[in-house]
Number of protein chains: 2
Amino acid sequence: MSLYTIGQASEEVDLTPYTLRYYEKEGLLPDVTKDSAGRRKYHDDDLQRIGFIKCLKGTGMSLKQIKEYGDLYEQGKAKFKERNAMLEEHREKILQEIKTQKKYLKMVEAKIEMKI
Amino acid sequence: MSLYTIGQASEEVDLTPYTLRYYEKEGLLPDVTKDSAGRRKYHDDDLQRIGFIKCLKGTGMSLKQIKEYGDLYEQGKAKFKERNAMLEEHREKILQEIKTQKKYLKMVEAKIEMKI
DNA sequence: TCTTGACTTAGAGTTAACTTTAACTGTTAG
DNA sequence: CTAACAGTTAAAGTTAACTCTAAGTCAAGA
């Protein structure tokens, strides 16, 4: 299959239809096509894009920043540098976050071992 | 030094005075003492507690859950088991989260390398 | 044909976690 | 003595990210 209703897409990407419409309204998903009855039709590349949005969001990027990234993406290779700079900066942020999580993990483990 | 005004404590733990009062109002910081003029006085163990709150919060625990943990903590060793069960469950959540972050890191790195 | 169910929209409501305001009090430096 | 400053309170306001409601449309099955 390569076309999905909003219900099917929402199952596929594990987001509610509400959220998918919200993301679209916020400009994160441009060009979602509609059928003759006005119902959204998601393509595989839409799902891929949503997958990457989930990745950025899951690593702490705000929807506003994700939109900025998406807008650069829309402008193709003209904005390749800016886009990649954003990703590289974000990569550093993720690395830092993993470090912090590991530190916090140790704190929690120490507390568990403390037994008081 | 071992006593801090709210301003000093807020610098120490890198949270605003607003946030410290808010945490207290939400029951996360019981027994914050006050001086004769009614001003909060933070002790070293208050700062330690705030540090652990930041650890739990930074690993995705909600303030509501953090309060639950704190409430168990207040009840001493009677609730030791429950408390540690909470921490162990949270430990798993952190481990899972680190895994997810690493997966997302790879996705971002792949996108960077893609060069399109 | 009728009804069921998934969809549509605009706009209102919710939640968590702050953050600010207003009006006030007490401490300290000049 | 007084002005500036750091603190106090209760309550209102803010923000991000959803989440839901109301009113309606459309297609498919009994």
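Reckoned from all heavy atoms, side chains included, excluding hydrogens, waters and symmetry mates.
- If you take CZ on A:Arg83 and CD1 on B:Ile112, they are separated by 11.5 Å, rounding to the nearest 0.5 Å.
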What pairs of nitrogen or oxygen atoms, one from the protein and one from nucleotides 16-21 of chain D, lie under 3.5 Å apart?
{"residue": "D:dA17", "atom": "OP2", "partner": "A:Leu63", "partner atom": "N", "Å": "3.3"}
{"residue": "D:dC18", "atom": "OP2", "partner": "A:Tyr23", "partner atom": "OH", "Å": "2.6"}

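- A straight line from CD of B:Glu11 to C1' of D:dG7 spans 15 Å, rounded to a whole angstrom.
- Pairs of residues two or more places apart, or lying in two chains, that qualify as side chain to side chain donor-acceptor pair (under 3.5 Å) and include a residue from residues 21-34 of chain A are A:Glu24-A:Arg40, A:Thr33-A:His43.
- Of all the heavy atoms in A:Leu20 and A:Leu29, the pair that sits closest is O-CD1, 4.0 Å.
- Between A:Gly27 and A:Asp71, the shortest heavy-atom contact is O-OD1, 4.5 Å.
- A cation-pi geometry, defined here as NZ or CZ lying under 6.0 Å from the six-membered ring centre and within 45° of its normal, holds between B:Lys111 and A:Phe52.
- The OH-C1' distance, from A:Tyr4 to C:dA6, rounds to 18 Å in whole Å.
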Candidate pair B:Gln101 and B:Glu97, rule side chain to side chain donor-acceptor pair (under 3.5 Å), full reasoning
CA-CA 6 Å; B:Gln101 294 300 308; B:Glu97 184 58 20; 2.6 Å; yes
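- From A:Met114, atom CE reaches atom CZ of B:Phe80 across 11.0 Å, with rounding to the nearest 0.5 Å.
- Remark: B:Ala37, B:Arg39 in residues 32-42 of chain B come within less than 4.0 Å of DNA chain C through at least one heavy atom.
- One can place CD1 of B:Ile6 at 17 Å from C1' of C:dT27, the figure rounded to the nearest angstrom.
- Salt-bridge check for A:Asp45 with A:Arg49: failed, with every basic side-chain N at 4.0 Å or more from each acidic carboxylate O.
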